[in-house]
Undergrad: 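Attaching a single structure in structure tokens format; questions to follow.
Quick note: numbers below take in every heavy atom, side chains included, and nothing from hydrogens, waters or symmetry partners. For reference, positions follow the sequence shown, starting with 1.
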Amino acid sequence: PCKVRELNMIEKSEFPYQPYGNPIFTFDSGDYHQSFNKAKEMIEYDRTRTRQAELRGSGRYIGVAVTNYNEICGVGRSHEMAMVGFDRGGWESAAIRVHSDGTVTFFTGSMPSGQGHGTSYAQIVATELQLPLESVDVVYGDTAVVPMGNGTYNSRSMPVGGSAAKRCAMQVIAKAKTFAAEWLHDDASTLRYEGGKSHGASGEVE
């Protein structure tokens, strides 16, 4: 019954909360009662319970199951993972290759299994490099060309792999500005990157 769930929920006033006194993980915030009540409202819990009682009176029995849970998502901090025995680290790799025709190939060590990560990674890289989405090709799962990676688990691909994609794209822009500065005889710190081009006082470099 929902009442049992509600009695065992962490109160809003108890946050930050360390489950079972765990020295590693801390729940920083939450309002479980509010979200639980919203879920009950959305599934019309009280109405379903009333209908359950009515049907039981006529000899028909239906079950009503309600559950709630916490799940660690976006696992990535290596020192915390090492404390629970996962000593490989929580990092993810990313590499970007820029081609002469203006397209780019993004390589990731995170292997999706139907979640659509390829599209999401392409969107991140295209947004950072200010390129059309169709200009970005994403490669994963090919150990001949993809850097080392830690894979897909605990909803980590976008928080960790996506962050790696963003940081990688930022490094590409920084490198592009360095090359452009040489061509334009400008200071790289004064250049502006926009629309796939580095702009300076004396011109622009694509």
Undergrad: With side chains defined as the heavy atoms from C-beta onward, is the minimum distance between P16 and F27 less than 4.5 Å?
TA: no

Undergrad: Start with the C-alpha gap between I173 and K175, add the side-chain angles, then the distance that decides, and say whether side-chain contact (heavy atoms from CB on, under 4.5 Å) holds.
TA: CA-CA 5 Å; I173 293 173; K175 193 170 185 178; over 6 Å; no

Undergrad: Quick one: are R192 and K177 in side-chain contact, heavy atoms under 4.5 Å?
TA: no

Undergrad: Between V145 and F107, is there a side-chain heavy-atom distance shorter than 4.5 Å?
TA: yes

Undergrad: If two hydrophobic side chains count as joined below 4.5 Å and joins carry through other members, does M158 share a cluster with I96?
TA: yes

Undergrad: Going by side-chain heavy atoms closer than 4.5 Å, which hydrophobic residues are tied to M170, directly or by a chain of links?
TA: none

Undergrad: Below 4.5 Å, heavy atoms only, C-beta onward: do N68 and F36 meet side chain to side chain?
TA: yes

Undergrad: Spell out, as yes or no, whether a donor-acceptor pair under 3.5 Å connects the side chain of Q34 to the backbone of D31.
TA: no

Undergrad: Taking the six-membered ring for Trp, are F15 and Y32 ring centroids under 6.0 Å apart?
TA: yes

Undergrad: Would M9 and I43 show up in the same hydrophobic cluster when neighbours are defined by side-chain heavy atoms closer than 4.5 Å?
TA: yes

Undergrad: Measure across T108 and V138 and return the closest heavy-atom pair with its distance rounded to 0.1 Å.
TA: CG2-CG1, 4.5 Å

Undergrad: Heavy-atom count around Y140 OH within 6.0 Å, excluding the residue itself: above 12?
TA: no

Undergrad: Count the heavy atoms of every other residue, nucleotide or ligand shown that sit under 6.0 Å from CZ of F179, and state whether that count exceeds 12.
TA: no

Undergrad: Crowded around R49 CZ? As in, over 12 foreign heavy atoms under 6.0 Å?
TA: yes

Undergrad: I want to check something: taking the side chain as every heavy atom from C-beta on, are K166 and T127 in contact at a cut-off of under 4.5 Å?
TA: no

Undergrad: Answer whether the closest heavy-atom distance between the side chains of T103 and D137 falls below 4.5 Å.
TA: no

Undergrad: Using modelled atom types and a 3.5 Å cut-off, is there a donor and acceptor pairing between side-chain atoms of R51 and backbone atoms of D46?
TA: no

Undergrad: Looking only at side chains, do S110 and T152 share a donor and an acceptor under 3.5 Å apart?
TA: yes

Undergrad: Salt bridge check, E6 against K40: does any charged N sit closer than 4.0 Å to a carboxylate O?
TA: yes

